[in-house]
Structure formats: structure tokens, C-alpha cells
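Here's the structure, in C-alpha cells; my notes come after.
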Amino acid sequence: MNSLPRSFYARSTITVAKGLLGKRVVRKIGSQRISGIIIETEAYLHKDDPASHAFRRKTERNKAMFEEVGRAYVYFTYGMYFCFNVVARNSKVEAGAVLIRNIHPEKGIDIMKKNRGKNNERNLTDGPGKLTQALDITKKQYGVDLTRNSELFITDGLLKRGKIIAAPRIGIKTALDNLWNFKILL
DNA sequence: CTTGGGATGGTCT
DNA sequence: GACCATCCCAAGG
């Protein structure tokens with residue numbers, strides 16, 4: 001299965017956030033392969049989104065949000081966890097990214113359990129900090145090109161259609177009337 | 001099932 | 001010096 005092309009990510013951030021639902025995240029580490037189906041995402045925009053890291057200005061941390069679409073934006077948060085985003089925006093705006101919040105584990109479940117230090121399959125990847133732990137995504141993956149079949153990429157999934165639920169984004173205190181958290185019913 | 005507090009450190013003001 | 005796009009565990013219903 002081939003990676004999604006750059007053009008997939010060169011659309012409005014909200015469109016891409018919805019479009020990523022049902023797609024497959026693949027992590028290759030040596031001969032090991034871990035994968036899961038994306039079931040929850042969030043869109044983060046630019047100047048019109050006070051909850052976004054890119055709201056104020058381009059900085060060392062958020063610069064990926066302003067650079068090439070289809071690459072990974074990884075950041076460290078709460079002193080302990082990494083969050084994995086996909087850079088996505090149309091040509092009219094300067095910054096944007098989609099946070100991957102929840103994936104349904106597919107391949108490499110034993111490796112995920114080992115990476116997480118947990119055996120409970122239910123809590124393996126159902127949160128942005130949990131799935132980066134399970135897939136061993138850290139700042140080393142900052143800026144990785146997700147359109148190439150290398151260490152980390154995204155392909156078409158098996159899910160073609162499903163009902164999408166929009167809700168306020170999690171863990172933020174502003175812009176709560178923007179329903180930019182998206183989930184797909186399996 | 002839900003709630004609340006602590007862990008922990010980079011980033012921005 | 002304050003703020004986090006979080007998670008875990010323990011305690012209560």
C-alpha cells in the first residue's frame with residue numbers, strides 16, 4: 001500500500017483532519033512494523049485559532065506547521081509525552097496541522113505493549129501521548145516526510161466510509177465553540 | 001463508571 | 001515563573 005500523496009495534505013486543515021479518519025499510520029523500526037487505523041483527529045489552524053501553537057508566531061517548536069505539508073510535527077508536552085501531528089493546510093494560509101489523537105491498533109500489538117510497558121490492549125493507543133509511546137515516536141521524527149515509505153508514513157486504510165462526529169477539541173481552554181475534534185464510528 | 005491530584009520539563013513571556 | 005493539544009493511579013459511586 002502506497003503512502004498518501006503530498007496533494008492529500010495540501011487542502012484545508014479541517015478537510016484533511018476528517019480525511020485522515022480511517023487511514024493507516026505505519027511505523028517501521030528495522031524489520032519490525034507497527035500500524036493502526038486513525039479514528040480520532042483534531043485540526044489546529046493559524047491566526048484565527050487561539051488554541052493553536054501557530055497562533056502567535058513561527059518559533060523553533062512550531063516551525064514545522066509553517067513548512068512543507070505532509071511532514072510530521074512532533075512536540076513534547078507536560079514534561080513527559082510527545083504528540084504526533086501531520087502538517088496540512090491549503091495555499092491560502094501559512095500554518096496548520098492535524099493532531100492524531102487515537103488509532104485502532106492493527107499490527108505489532110506486542111511491540112506496542114512493550115513500548116508502553118502495559119498489557120492492557122484497551123488503553124494501548126487511545127490518546128495522543130499513548131500512541132506516540134506505542135509507536136516510539138519522539139522528536140527524532142520531527143519533520144519526517146510522511147509521503148515516503150520510510151520510518152513513519154500514512155497510507156490509505158480499509159475504511160472507506162463512516163459516520164464522522166465533530167466535537168470541541170480536548171485539553172484546551174479557548175475556541176471551544178469550534179468543533180474541530182473528529183471521530184469516526186467503527 | 002467518574003473524579004482529582006501528582007508527575008515532569010520544554011517553551012514562551 | 002507560568003503554562004501546558006497528557007497520563008496514571010487511587011478513591012468513591
Side-chain angles (χ1 to χ4, degrees), chain A residues 9 12-21 23 25 27 34 36-67 69-89 93-105 109 111-144 146 152 154 164-184:
Chain A
Y9 303 102
S12 91
T13 310
I14 290 170
T15 301
V16 176
K18 293 181 195 167
L20 281 171
L21 297 170
K23 300 294 190 281
V25 181
R27 175 81 168 106
I34 313 173
I37 299 295
I38 299 172
I39 54 176
E40 183 179 1
T41 61
E42 280 175 1
Y44 286 89
L45 281 43
H46 185 208
K47 293 184 197 300
D48 46 352
D49 182 6
S52 173
H53 288 169
F55 179 58
R56 294 180 190 282
R57 66 170 88 53
K58 184 173 173 179
T59 66
E60 192 59 26
R61 175 176 69 160
N62 69 20
K63 63 182 179 186
M65 291 181 73
F66 295 79
E67 293 171 356
V69 300
R71 288 181 179 267
Y73 167 42
V74 181
Y75 65 89
F76 185 65
T77 192
Y78 290 105
M80 263 189 258
Y81 301 101
F82 294 97
C83 289
F84 170 45
N85 298 252
V86 180
V87 180
R89 64 176 182 279
V93 296
E94 292 173 53
V98 176
L99 172 68
I100 310 299
R101 279 198 72 86
N102 192 350
I103 67 175
H104 184 71
I109 291 176
I111 305 167
M112 295 195 225
K113 287 179 178 171
K114 199 174 163 193
N115 288 344
R116 291 261 300 130
K118 303 267 183 271
N119 268 323
N120 189 347
E121 210 158 309
R122 235 178 76 91
N123 298 339
L124 220 43
T125 53
D126 61 339
K130 298 186 200 177
L131 71 91
T132 53
Q133 219 171 35
L135 302 199
D136 189 30
I137 295 172
T138 68
K139 253 196 164 157
K140 287 178 192 159
Q141 279 70 46
Y142 191 98
V144 163
L146 303 167
L152 178 63
I154 300 176
I164 294 177
I165 315 282
R169 291 168 295 178
I170 310 294
I172 57 168
K173 294 184 170 122
T174 56
L176 293 173
D177 45 343
N178 292 324
L179 307 182
W180 293 341
N181 169 290
F182 303 105
K183 291 194 271 288
I184 190 165

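Numbers restart at 1 for each chain; the letters A, B, ... are given by sequence-line order, proteins then strands. No experiment lies behind these values; they were computed from the predicted model shown.
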Note: chain A reaches DNA chain C at heavy-atom distances under 4.0 Å over the stretch, first to last nt, 5' to 3', of C:dC4 to C:dC9

Under 4.0 angstrom, heavy atoms only, what part of the nucleic acid is [X] near: base, sugar-phosphate, or nothing?
X        : value
A:Asn123 : nothing
A:Tyr44  : base
A:Gly79  : base
A:Arg61  : sugar-phosphate
A:Leu99  : base

Looking only at side chains, do A:Glu42 and A:Asn181 share a donor and an acceptor under 3.5 Å apart? yes

When the distance from [atom1] of [X] to [atom2] of [N] is rounded to whole Å, what number comes out?
X        : N      : atom1 : atom2 : result
A:His53  : B:dC12 : NE2   : P     : 9 Å
A:Tyr75  : B:dG10 : OH    : P     : 16 Å
A:Asn62  : B:dG10 : CG    : C1'   : 14 Å
A:Gln133 : B:dT8  : CD    : P     : 14 Å
A:Lys139 : B:dG9  : NZ    : P     : 14 Å
A:Phe76  : B:dT11 : CZ    : P     : 9 Å

Can you tell if the side chain of A:Met65 reaches within under 4.5 Å of the side chain of A:Arg89, non-hydrogen atoms only? no

If you define the side chain from C-beta out and look only at heavy atoms, does anything of A:Phe182 sit under 4.5 Å from A:Ile14? yes

Got a sec: does the NE2 of A:His104 have more than 12 other heavy atoms crowding it under 6.0 Å? no

Taking for each residue the nucleotide of DNA chain C bearing the nearest heavy atom, is the 5' side occupied by A:Arg116 or by A:Ser52? A:Ser52

Whether the side chain of A:Arg116 engages the backbone of A:Asn123 through a donor-acceptor N/O pair (distance < 3.5 Å, no angle test) should be reported. yes

Test log, rule side-chain contact (heavy atoms from CB on, under 4.5 Å), inputs A:Lys58 and A:Glu94: CA-CA 10 Å; A:Lys58 184 173 173 179; A:Glu94 292 173 53; over 6 Å; no

Which heavy atom of A:Asp49 sits nearest a heavy atom of A:Ala175, and at what distance? OD1-CB, 4.2 Å

Indicate whether OP1 or OP2 belonging to B:dT13 is found under 4.0 Å from a side-chain N or O atom of A:Arg57. yes

Under 4.0 Å between a side-chain N or O of A:Lys63 and OP1 or OP2 of B:dT11? no

So which of A:Tyr81, A:Tyr142, A:Phe82 actually passes ring pair (Phe, Tyr, Trp, His ring centres under 6.0 Å) with A:Phe76? A:Phe82

Is it true that A:Lys130 and A:Asp126 have a side-chain N and a carboxylate O under 4.0 angstrom from each other? yes

Note, DNA chain C 5' to 3' with Watson-Crick or G-U pairs under 3.5 Å encoded as ( ), [ ], | and . gives ||||.|||||||.

